[in-house]
Every structure is written in C-alpha cells, then in structure tokens.
Amino acid sequence: MAYNLELDIAINAVVKASRLCRDVQNSLISMDTVEKKDRSPVTIADLGSQAVINLELLKSFPHDPIVSEEDTDALDSHEYLRGKVLELVSVQIDHVNEAQILEAIDYGTREIDYRSRFWTVDPIDGTKGFLRGEQYAIALALVEDGQVVLGVLGCPNFPLNYERPEDGKGCLFFAIKENGAFMQGLDQDKREAIHVDFISHPSEARFAEPVEKAHASHTAHAQISSALGITTPPYRIDSQCKYAAVARGDVSIYLRLPKDKSYQEKIWDHAAGSLIVNEAGGRVTDIHGQSLDFSKGRRLQSNEGVVATNGRLHEKVLNVISNPRNSEKVIKQ
Ligand code: AMP
Ligand code: MG
C-alpha cells in the first residue's frame with residue numbers, strides 16, 4: 001500500500017513523542033511544587049516532542065521538509081531547560097546530543113514550498129489541556145499538493161472507550177488517504193478500524209468544541225446547536241482529540257466557529273485530525289463548506305473556522321450556519 005513506510009515511521013515517531021509527553025506529565029502530577037503559571041513543563045515537553053518527531057522523520061526521509069510549530073528561542077540562554085530536553089529525548093532515542101536536538105527542532109521553521117510534499121507537526125496540541133492534566137494530542141501529518149495523505153494522532157489521556165472510561169486511556173489514531181481510519185492503544189499493536197456514527201437527526205447529536213473560550217465562539221455554537229435541536233451539553237475537550245471523538249463516533253459534530261474573524265487556523269492544528277475524520281466516513285470543511293486547503297502556508301489562509309461531522313449531518317449544520325435567519329447572530333460572534 002502507498003505510504004506504508006511513511007505510516008510506520010510516523011507511528012513510531014508519534015508513539016515515542018507521546019511517551020515523552022506522558023513522562024513529563026507524570027512528573028508534573030507528582031510535583032505539587034510546580035506553580036500553575038510555570039510554563040517550563042510544557043516548554044520542555046513541547047520541544048522534546050518536536051525534537052523526537054523531527055529526528056525520527058529525518059532519519060528516514062532526510063530530504064522531506066517539515067513544518068512544525070516550535071523553535072528553539074525558548075531554550076536560548078536556558079541551560080537548565082536544554083539539559084531537561086536532552087534528558088527526555090535521550091530516553092526515546094539513543095546516542096543523540098544537544099546540537100542534533102536543537103538542529104532538528106529548528107529544521108521545522110524553514111520556509112518551504114507548500115505545494116510540494118511536506119510533513120506538519122504539532123508536538124503538543126492543546127497545551128492548556130496538557131497543563132490541566134486533561135486532553136492533549138501529538139499530531140503529525142503528511143501533505144501533498146495541499147491535501148493531507150497521512151495523519152497520526154497520539155492522545156495519551158484519551159479514553160480507549162468513550163462509554164467505559166474504566167477501560168483505561170492512551171490512544172493512537174491514524175489514517176492513510178483512501179484507506180480508512182484506525183485506532184490502537186498507545187501501548188498496543190492491535191489496531192481496529194473506526195467509523196463515525198450513523199446519526200442523521202441533528203437533535204440526537206452531541207457536539208464537541210474547544211475548552212478555551214478564546215479559541216472558538218461558544219456563543220455561536222450554542223445558537224447553532226439550539227437551532228439544530230441539540231439538547232445534550234457540548235463535549236468540551238482540548239486539542240485534535242475532538243476530531244478523534246467524531247471519527248470514533250463518540251460525538252457527531254465538532255464546531256470551531258471563529259471568535260475573532262481575523263484568526264487564521266494553523267495547518268498543524270487540523271491536518272492529521274481532518275484526514276482521520278474523512279477516512280472514518282465523516283466530512284470536514286470550513287464554515288462556508290470549503291475544503292481545507294493546506295497549500296497556502298503555515299495557516300489555512302483560504303478557510304474560516306472548521307466544521308467536522310459524521311457526514312450525514314454536514315449539510316444540515318452548514319445550512320444552519322449560513323441561514324440568513326441565524327447568520328447575523330451566528331457568524332458575527
Ligand atoms: P483547542 O484545544 O481546540 O482549543 O485548540 C488548540 C489550538 O488552538 C492551539 O494549538 C492553537 O494553535 C490554537 N489557537 C490559538 N489561538 C486561537 C484562536 N484565537 N482561535 C482559534 N484557535 C486558536
Ligand atoms: Mg495546536
């Protein structure tokens with residue numbers, strides 16, 4: 001199958017990065033001395049995760065461009081943090097030194113041709129969730145001609161089963177274009193195909209939205225969901241775990257209407273998740289029904305907001321968003 005090698009390398013990279021993030025989070029939980037305002041745990045996990053992914057990708061695909069969120073600025077003149085990142089990365093990758101780590105992190109900041117083949121990485125998507133000990137994701141995708149062809153999401157705190165949280169947590173989701181979407185436990189090899197739900201009456205649906213009020217308009221979402229007759233409260237979780245929730249049928253809709261109309265979404269916040277939903281039988285567009293165009297740079301410049309659904313509900317949701325009766329209230333949030 002096309003992209004099989006890429007998938008193996010990507011899964012290995014995301015699993016290692018997820019373990020690194022979990023190590024930091026475990027030490028965070030045991031250190032009650034860490035102040036809530038202290039961003040250093042997220043800094044070292046973010047940069048460590050990006051280093052692991054970029055190093056693993058470059059080992060196998062030394063000529064592929066990588067677009068990743070972070071740079072090494074936060075490590076300049078912070079010897080302690082650099083030492084911590086080296087310590088964390090060395091647990092996952094043998095024989096690596098500080099210079100190689102810094103180079104790998106900054107490899108992701110180079111300017112590239114976005115119409116060519118490139119990888120995009122969000123080393124910790126949902127840093128606020130990470131700090132709260134809630135949901136976050138490690139996201140990696142391969143883009144060709146502006147379209148995502150492979151996506152992997154590591155979700156260390158995501159329940160293996162939505163209905164049965166007691167079954168444990170830690171999931172890996174992945175998809176290759178036109179080959180379906182799959183899930184496995186982060187510490188297991190057994191994969192299973194996943195599918196969106198089959199709900200076609202909007203009133204039976206549940207929708208997901210960001211926890212952070214600044215990242216999307218909760219008010220607009222409340223108006224849309226009420227117009228759709230949805231009565232179940234929103235599923236508020238951080239990161240691309242929301243895409244995973246739609247892809248696995250935990251919820252039927254993910255709404256991300258911009259709070260600030262000038263905000264352009266970043267490619268690494270949507271590449272992996274959107275492919276996984278599409279491949280699980282769902283649909284992802286912006287709020288105008290346009291498909292997401294990943295060829296425009298580090299941001300989705302030609303798109304506004306995001307709507308992901310189980311497919312059956314997509315037109316209904318878009319209609320409510322664009323219906324003039326609602327649009328004044330809904331879009332101007
Ligand atoms: P979520 O966990 O769904 O809230 O998404 C987290 C992502 O939101 C982060 O990775 C940021 O890149 C992105 N983000 C930051 N500011 C905004 C904003 N004003 N609107 C939408 N997304 C944002
Ligand atoms: Mg992100």
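As the structure lists them, so they are numbered: ligands from 1, and atoms in each ligand from 1. All values below come from the heavy atoms of this structure, side chains included, with hydrogens, waters and symmetry mates left out.
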If you count the atoms of ligand 1 from 1 in the order shown, which ones are under 4.0 Å from a heavy atom of [X]?
X: Ser239; result: 1 (P), 2 (O), 3 (O)
X: Lys242; result: 1 (P), 2 (O), 3 (O)
X: Asp238; result: 2 (O)

Worksheet entry | Spacing of OH belonging to Tyr136 relative to OG belonging to Ser239, to within rounding of 0.5 Å |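 Interatomic distance, Tyr136 OH to Ser239 OG, rounded to 0.5 Å: 10.0 Å.
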Worksheet entry | Heteroatom test (N, O or S) for Asp269 near the Mg ion (ligand 2), limit 2.8 Å |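 Here the distance criterion (N, O or S atom, under 2.8 Å) is met by Asp269, so yes.
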What protein heavy atom sits nearest [atom], and how far away is it?
atom: atom 19 (N) of ligand 1; answer: Ala214 O, 3.3 Å
atom: atom 4 (O) of ligand 1; answer: His215 ND1, 2.6 Å
atom: atom 14 (N) of ligand 1; answer: Tyr263 OH, 3.1 Å

Worksheet item: Does an N or O anywhere in Pro210 fall below 3.5 Å from an N or O of ligand 1?
Response: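 In fact, backbone or side chain, Pro210 has no N or O that close.
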Worksheet item: Is it the side chain, the backbone, both or neither of Asp269 that has a heavy atom closer than 4.0 Å to ligand 1?
Response: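 Side chain only; the backbone of Asp269 stays clear of ligand 1.
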Discussion item. Test of understanding: given a 4.0 Å heavy-atom threshold, classify the contact between Ala216 and ligand 1 as side chain, backbone, both, or neither.
Written reply: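 No part of Ala216 is near ligand 1 at this cut-off.
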Worksheet item: Can you name the closest pair of heavy atoms from Leu186 and Arg19 and give their distance?
Response: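 Where Leu186 meets Arg19 most closely, the heavy atoms are O-NH2, 4.4 Å.
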Can you find a non-hydrogen atom of [X] under 4.0 Å from ligand 1?
X: Gln240; result: no
X: Lys259; result: no
X: Asp125; result: yes

Item to complete: Taking the Mg ion (ligand 2) as the reference point, name the nearest N/O/S atom of Asp125.
Response: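 In Asp125, the heteroatom (N, O or S) nearest the Mg ion (ligand 2) is OD1.
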Fill in: Identity of the N, O or S atom of Asp122 lying closest to the Mg ion (ligand 2)
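Nearest to the Mg ion (ligand 2) within Asp122's N, O and S set: OD2.
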Worksheet item: Between Glu212 and Arg132, is the closest basic N to carboxylate O distance under 4.0 Å?
Response: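 Salt bridge present between Arg132 and Glu212.
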Discussion item. Between Asp167 and Arg164, does any side-chain N to carboxylate O distance fall below 4.0 Å?
Written reply: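 Salt bridge present between Asp167 and Arg164.
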Assess, by modelled atom type and distance only, whether the side chains of [X] and [Y] contain a donor and an acceptor separated by less than 3.5 Å.
X: Gln264; Y: Asn303; answer: no
X: Arg82; Y: Tyr80; answer: no
X: His215; Y: Tyr263; answer: no

Discussion item. Under 6.0 Å from the ring centre and within 45 degrees of the ring axis: does the NZ or CZ of Arg117 meet both conditions for the six-membered ring of Phe61?
Written reply: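 Yes, cation above the ring, under 6.0 Å and within 45°.
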Worksheet item: Given Lys266, Arg299, Gln264, Arg256, which one has a non-hydrogen atom that is nearest to atom 8 (O) of ligand 1?
Response: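 Comparing heavy atoms across Lys266, Arg299, Gln264, Arg256, the nearest one to atom 8 (O) of ligand 1 lies in Arg256.
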Discussion item. For Asp122 and Gln240: C-alpha separation, side-chain torsions, deciding distance, then whether side chain to side chain donor-acceptor pair (under 3.5 Å) applies.
Written reply: CA-CA 10 Å; Asp122 194 343; Gln240 284 172 73; 4.9 Å; no
Worksheet item: In terms of ring plane angle, is the pair Phe182 and Phe174 parallel, tilted or perpendicular, where the classes change at 30° and 60°?
Response: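 Phe182 and Phe174: parallel rings.
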